[in-house]
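One structure is given below, encoded as structure tokens.
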Amino acid sequence: MSQISLTFPDGNSRSYEAGVTPADVAADISSSLRKKAISATINDQHWDLQWPIDADASIAINTMKDEAPALELVRHDLAHIMARAVQEIWPETQVTIGPVIQDGWYYDFDRTEPFVPEDLALIEKKMKEIINKRDEVRTEIWDRKKAVQYYQDRNEPYKVELIESIPGDEPLRMYWHGDWQDLCRGPHLQHTGQVPADAFKLMSIAGAYWRGDSNRPMLQRIYGTAFRNKEDLKSHLHRLEEAAKRDHRKLGREMDLFHMQEEAPGQVFWHPNGWTVYTTLQDYMRRKQRAGGYQEINTPQVVDRKLWEASGHWDKYQEHMFVVEVEEEHAKEKAINALKPMNCPCHVQVFNQGLKSYRDLPLRLAEFGSCSRYEPSGALHGIMRVRGFTQDDGHIFCTEDQIEAECAKFIDFLAGIYKDLGFEKFEIAFATRPEKRVGSDESWDHVEGALEGAIKSTGRDFRLEEGDGAFYGPKLDFYLTDAIGRTWQCGTFQVDPNLPERLGATYIGEDGNKHRPYMLHRATLGSFERFVGILIEEHAGKLPFWLAPRQVVVATIVSDADDYAQEVVAALQAAGVRAEADTRNEKINYKVREHSVGKVPIILALGAREVAERTVTARRLGENRTSVVNLSDIVPQLAHDATPPDQRG
RNA sequence: GCCGGUGUAGCUCAGCUGGUAGAGCACUGCAUUCGUAAUGCAUAGGUCGUAGGUUCGAGUCCUAUCACCGGCACCA
């Protein structure tokens, strides 16, 4: 047997026979380590304690103290244990796959009877029994034929398909948790008892397509969450509760921002408060775009299908468009229009009016474009995913050489806006050429190079999404992470030589000939609807003062302060602050509570003292201390806070 | 669109095996003028998402349909 050298994290190394397992190594160090060991990290690879090591390597023995491998193993073993539990309770159930995901795992099953919520408790109980059995976990490598045969015999067609889809003819790894077997890459724990029985919870049941393909069978998915200990699980469940409190649908009602109703699914009825947020944001964007060199335009809502046919959208998205048919008395045929699902084709129409010179480029057109898309019913989500929305859309017509500079300019533009709105960080995803595409490789090289160069010139990082670009050009997507860790695509920047081609856009170049411009699609917020939703959730309803729909409530403590309250409100309103008086015959406690629930940032309380001294007692949302300020001081102070960030001196 | 769940007063929710709808908060009225997250009392308010059906009788059972929620698929 040849010898190999294993190097430990502290830099020391020891010599072992080739084929030694991490379990042996741990035992060699100490019996207590052997007991505590859960896995190893071999050359940065997560390694099962049972897997042999055949060559020189770095090694670290992991215990429950090592968070990443511990969570990975606990969740992965729980996936197997859950599948075993389900098959023990309902033997006719077929198993498919069960990966580890953020905060937990899921496993997909095929079973005729649907799981019901009460089943979760049943499964959890069975899982705890399995854990308490401390069943050994062991692994073997099988050849493909044997594995296929095994699963065919057991009537597990999904597993057979999985094996057949694994490329090459490499051997397959099998794992046993007690007598229960699953095809699995591993690694796993050493026995089921290593899983903490009190640190997991089954969360929900959902449908999911086999292999993520909507043409294939719908399976039943059970989600679970797990941590290393009870406390971590508890704090995770607590975080979920907190997250639910900042749901924009709940806050939208509590703050009286908007509502939605059955007669207009996926569309928003904005209430005065919500519309104040919306228009304040829109006014801000309008000023930013003007300063950024855009010219604002507006285009029609109802457009003949001919234009959508020409743009190619009719062909591809017809069933997702709201079609409007009009019967005119003398017309030969019915006019078929569609509510515009996007603004791009209309912007090309504006560009196409009159001759354009290369001197006009880059030409930046912007529109707060209301779009309608018949989104699938299951896609709708509050005001985040809707059927009627307004994009802060813009199209830049330019030459190929201008793309890089325009892109860099846009990234800076977007970053400044996100910062003003309270988002310091955002993620850029760079999607490159897909397999099916139009245009020459040279052209793709050049355009992709321009985008990459632009990102780098701003000194930002990006995530590469190879092959995810549109068939006609690469794009950048800008993602924001909300306070609960969910990411939302908001901004976008897309290079498009295709639509100008289809719709015949040209400009006269220096050489006096007609040329085809590039069209850059870009949006900063994405849609106002979604962005307002994200703002609400990110700030848990406590919007930045300048965006808050109700900025100040002047609440009286005694009715003798009513006149003074009106005076204070008038002074604030004159200074541009959204202020209102609350002179109802209610206790100050009641008023404070009500306006706090309504997320009013500043409450000014007025009693006899304030009237006499011409002061106000201010209370900021979320704080329970108050401060007494002279009326003459508070007005300019709040007026400053109420000024949008781009207009502050 | 697919799988599962839900749909009762403005809001949050209760209503067991079918017998003709209940609470708290909000609203309104009266009393209270009370210093920082709910003052007291009283009145009023729904035909139970919608449409059919079973039944002597349905919020409660059945069918269809719509919307919403959790996922999946989709997102020009």
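Computed from a predicted model, the values in this text were never measured in an experiment. Note: hydrogens, waters and symmetry copies are ignored here, and every other heavy atom, side chains too, is used. Naming: A, B, ... by sequence-line order, numbering from 1 per chain.
Here A:E623 lies out of heavy-atom contact (under 4.0 Å) with every strand. When heavy atoms are screened at a 4.0 angstrom cut-off, A:A470 is found touching no nucleic acid atom at all. Backbone-only contact: A:G382 has heavy atoms under 4.0 Å from sugar-phosphate atoms and none from a base.
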Taking only N/O atoms, report every protein-nucleotides 60-63 of chain B pair under 3.5 Å with atom names and distance.
none

Quick test: give all pairs of protein nitrogen or oxygen and nucleotides 5-15 of chain B nitrogen or oxygen below 3.5 Å, distance rounded to 0.1 Å.
| unit_1 | atom_1 | unit_2 | atom_2 | d |
| --- | --- | --- | --- | --- |
| B:U12 | OP1 | A:R253 | NH2 | 3.1 |

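For A:R593, counting side-chain heavy atoms from C-beta on, the closest listed nucleotide (B:A38, B:G1, B:G35) is B:A38. When distances are taken from the side chain of A:P265 to each of B:C68, B:A37, B:A26, the shortest belongs to B:C68.
Using P as the reference atom, B:C16 and B:A31 are 42 Å apart when rounded to the nearest Å. For B:G29 and B:G45, the C1' atoms lie 15 Å apart once the distance is rounded to whole Å. A distance of about 16 Å separates the P atoms of B:C2 and B:C74, rounded to the whole Å. For the P atoms, the distance from B:U65 to B:G1 is 11 Å, rounded to whole Å. Taking atom C1' on both nucleotides, B:G7 is separated from B:C48 by 10 Å, rounded to a whole Å. Comparing the P positions of B:A23 and B:G18 gives an interatomic distance of 24 Å, to the nearest angstrom. For B:G46 and B:G59, the C1' atoms lie 11 Å apart once the distance is rounded to whole Å. Nucleotides B:C41 and B:C25, compared at atom P, are 9 Å apart to the nearest Å.
Side-chain contact annotation: A:K340 with A:T299, donor-acceptor N/O pair under 3.5 Å present. Judged purely by distance below 3.5 Å, without hydrogens or angles, the side chains of A:Q318 and A:W308 never pair a donor atom with an acceptor atom. Side-chain N/O atoms of A:R211 and A:S165 include a donor and acceptor closer than 3.5 Å. In this structure, a donor-acceptor pair under 3.5 Å is present between the side chains of A:Q391 and A:N343.
Under a cut-off of 6.0 angstrom, the local environment of CZ in A:R620 is sparse, with at most 12 non-hydrogen atoms contributed by other residues, nucleotides or ligands.
The ring of A:F493 has its center no closer than 6.0 angstrom to the ring center of A:F430. Ring centers of A:F269 and A:F258: at least 6.0 Å apart, outside the cut-off.
Inter-residue side-chain proximity for A:L520 and A:Q494 is flagged as unmet; no heavy-atom pair is nearer than 4.5 Å. No side-chain heavy atom of A:T524 sits less than 4.5 Å from a side-chain heavy atom of A:F531. By the 4.5 Å heavy-atom criterion applied to side chains, A:E465 and A:T432 are not counted as neighbours. Contact annotation: the side chain of A:Q94 never approaches that of A:R111 to less than 4.5 Å [non-hydrogen atoms, C-beta and beyond]. When side chains are defined from C-beta on, A:F389 does not count as touching A:F528, because their heavy atoms never get closer than 4.5 Å.
Heavy-atom distances to RNA chain B give each of A:G622 and A:E594 a nearest nucleotide, and the one nearer the 5′ end belongs to A:E594.
Rounded to an integer number of Å, the gap from CZ of A:F109 to C1' of B:C3 is 15 Å. Summarising the geometry, the separation between CZ on A:R584 and C1' on B:G29 is reported as 16 Å, rounded to the nearest angstrom. The interatomic distance linking A:D582 (CG) with B:U36 (P) rounds to 16 Å, in whole Å. Following rounding to the nearest Å, A:L604 (CG) and B:G35 (C1') show an atom-to-atom distance of 14 Å. Atom C1' of nucleotide B:G40 and atom CD of A:E586 are separated by 11 Å, given to the nearest angstrom. Residue A:F115 contributes atom CZ, which lies 12 Å from atom C1' of B:G4 at whole-angstrom precision. Rounded to an integer number of Å, the gap from CD1 of A:I383 to P of B:C69 is 12 Å. Residue A:R387 contributes atom CZ, which lies 12 Å from atom C1' of B:C68 at whole-angstrom precision.
For the side-chain contact (heavy atoms from CB on, under 4.5 Å) with A:L476, the lone residue among A:L451, A:L414, A:T492 that qualifies is A:L451.
Checked by distance alone, A:Q261 brings no side-chain donor or acceptor within 3.5 Å of a matching partner on the base of B:G49.
For the pair A:R75 and A:F227, the distance from NZ or CZ to the six-membered ring centre is under 6.0 Å and the angle to the ring normal is within 45 degrees. In this structure, A:R522 is positioned above the aromatic face of A:Y294, its NZ or CZ under 6.0 Å from the six-membered ring centre and within 45° of the axis. With A:Y106 as the aromatic partner, A:R221 meets the cation-pi criteria of under 6.0 angstrom to the ring centre and within 45 degrees of the ring axis.
Proximity of A:Y590 to the phosphate of B:C25: no side-chain N or O atom is located under 4.0 Å from OP1 or OP2.
Looking at RNA chain B, the stems built from 3 or more consecutive Watson-Crick or G-U wobble pairs, each pair with its key distances under 3.5 Å, are B:1-7 with B:66-72, B:10-13 with B:22-25, B:28-31 with B:39-42, B:49-53 with B:61-65.
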Protein proximity profile, nucleotides 70-76 of chain B - base contact B, sugar-phosphate-only contact S, no contact -, cut-off 4.0 Å on heavy atoms:
BBBBBBB

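Here salt bridge (Lys or Arg N to Asp or Glu O under 4.0 Å) pairs that include residues 378-389 of chain A, with residues two or more places apart or in two chains, are A:E375-A:R385.
A parallel orientation is assigned to the rings of A:F109 and A:Y107, their planes being inclined by less than 30° (bins at 30° and 60°).
Within residues 552-561 of chain A, the residues that place at least one heavy atom under 4.0 Å from RNA chain B are, in residue-number order, A:I557, A:V558, A:S559.
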